[in-house]
Amino acid sequence: MMGTNLRWGLLGAARIAEQALIPAIRAAGGRIVALGCRDAGRGQQYAQRNEINRVASYLDVVQDAEVDIVYIGLHNAAHLPWALAALAAGKHVLCEKPLTLGASDVDQLIAAQRIHGRLAMEAFMYRFHPAIERLHALVREGAIGQPRLMRGAFGFMLENPDDPRWEAALGGGALYDVGCYPIDLMRQLSGERPEVLSVQASYTDRGVDHAVSALLRFGDVRAHMDCAFSLPFHQRFEVLGGRGILRIDSPFVNKNQETVLWRGDCAERFAPVDAYALMVAHFQRAVRAEEALRYPLDDAREQAEAMDRVLLAMEPSGAAAV
Ligand SMILES: NC(=O)c1ccc[n+]([C@@H]2O[C@H](COP(=O)([O-])OP(=O)(O)OC[C@H]3O[C@@H](n4cnc5c(N)ncnc54)[C@H](OP(=O)(O)O)[C@@H]3O)[C@@H](O)[C@H]2O)c1
């Protein structure tokens, strides 16, 4: 595969693929050879718009001899079965977050990966942004002393009542969709698993969480996490230590904007960058064995276990349903 363009098959005529992954794969030198879609007509229109030659069923795409890497952009509950199918067909897998709906599901993927010898990674693109990498470096170097408190929030108003994220059976809910980001960053920064002190959640009348607030402890570091489908768009992350504060106001989604890392009153500015393309480029280098995979499935298992802990501790807050 050295020197050749890696060939990608996409599962789902998904919004996120059109907005971010298709341009990212192309920017990173990948070639998109097939699209899997449940509806051939809709798939054809999407493929035409995005200059993809072939539309097929999901199964045909994962078994396509011309596909090296399968990208899974399906709703959350479809990630596990299609990641297993792709690994079994000998494909590498880049799958949207959250990779699964539980840590035991990641165990199945780890077992499949061992048998089939292919790579799989959870597509948390924000981790590849230079501002996030700098945040890690500053914390590691002791720029703020020992971290004592982390605060992370991510939310928006999910207006469309037909969105799959309102369906419990499809892996819906604000925690899975947006809460996973601050929890991931807290875990990565502290290197610890969360102890859950309390979690308050508001649910729709169909039992899907639309606002969650958690009080957590990662080793010696206390943490507050908020996420929502029922508030105006917001995102923020800060780490407080004995000697200072680091803050990023757009830590998770920032494709076309400058990102500012605040160190007290001092701003470090990062020009707009496509973190999706940085993630895809890294995954392709790992597939070519040019570098080690930075986030293997063991990390995805830690993330899924952290999510499980928060989910298990959720208590209804009694707030009105949306
Ligand atoms: N990394 C990021 O920045 C980011 C951002 C947004 C979303 N995501 C993740 O990407 C994934 C897709 O998100 P999206 O917003 O792009 O979703 P979407 O466009 O609503 O749906 C993605 C695909 O899921 C399938 N699907 C949708 N509704 C379904 C239903 N009711 N039953 C069966 N299949 C259904 C469809 O496949 P067909 O086309 O085959 O019908 C659809 O194309 C999610 O896991 C999400 O968490 C990541």
Side-chain angles (χ1 to χ4, degrees), residues 9-25 34-50 52 54-62 70-83 85 93-101 105 121-129 132 154-156 158-185 206 208-209 227 229 233 235 250-257 273-280 282-283 295 300 303-304 307:
L10 313 183
L11 298 191
R15 268 177 314 210
I16 185 62
E18 186 154 40
Q19 288 166 10
L21 264 295
I22 292 172
I25 290 168
L35 168 73
C37 184
R38 292 174 303 162
D39 179 313
R42 184 166 44 78
Q44 285 296 350
Q45 286 178 5
Y46 184 100
Q48 214 163 23
R49 246 184 0 253
N50 292 288
I52 301 169
R54 193 142 31 96
V55 178
S57 68
Y58 296 168
L59 193 59
D60 285 343
V61 171
V62 301
V70 171
Y71 165 72
I72 302 175
L74 302 171
H75 64 74
N76 299 342
H79 292 177
L80 174 69
W82 287 105
V93 174
L94 182 65
C95 179
E96 270 308 334
K97 44 51 64 178
L99 176 62
T100 67
L101 303 177
D105 290 355
M121 190 172 85
E122 185 168 26
F124 265 122
M125 83 306 177
Y126 90 93
R127 292 167 170 171
F128 293 82
H129 196 288
I132 293 293
F154 195 7
F156 67 101
L158 181 53
E159 310 265 13
N160 176 7
D162 299 324
D163 194 288
R165 287 170 287 186
W166 289 123
E167 290 290 333
L170 300 182
L175 185 73
Y176 276 137
D177 193 53
V178 276
C180 61
Y181 287 88
I183 289 175
D184 185 65
L185 185 47
R206 296 173 64 194
V208 173
D209 57 277
C227 62
F229 280 166
F233 180 83
Q235 55 170 334
S250 54
F252 305 121
V253 180
N254 44 27
K255 194 174 168 199
N256 296 315
Q257 69 190 81
V273 65
D274 184 351
Y276 296 92
L278 296 174
M279 171 183 71
V280 167
H282 162 69
F283 192 66
Y295 300 99
Q303 171 66 7
M307 296 285 288

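On a predicted model such as this, the values are computed, not experimentally measured, just so you know. Numbering of ligands and ligand atoms starts at 1, following listing order.
Heavy atoms from other residues, nucleotides or ligands lying under 6.0 Å from CZ of R42 number more than 12. Counted within 6.0 Å of CD on Q257, heavy atoms from surrounding residues, nucleotides or ligands total more than 12; the atom is thus considered enclosed.
Here M121 contributes atom CE and Y295 contributes atom OH; the two are 8.5 Å apart, rounded to the nearest 0.5 Å.
A side-chain donor-acceptor contact under 3.5 Å links Y176 to the backbone of L101.
Near ligand 1, residues G12, A13, A14, R15, I16, C37, R38, R42, Y58, G73, L74, H75, N76, H79, E96, K97, A123, M125, P164, L170, D177, Y181, Y276 come within 4.0 angstrom through at least one heavy atom.
Annotation: F128 is not in aromatic contact with F283 [ring centroid separation under 6.0 Å not met].
Below 30°, between 30° and 60°, or above 60°: for Y126 and F252 the angle between ring planes is above 60°, a perpendicular geometry.
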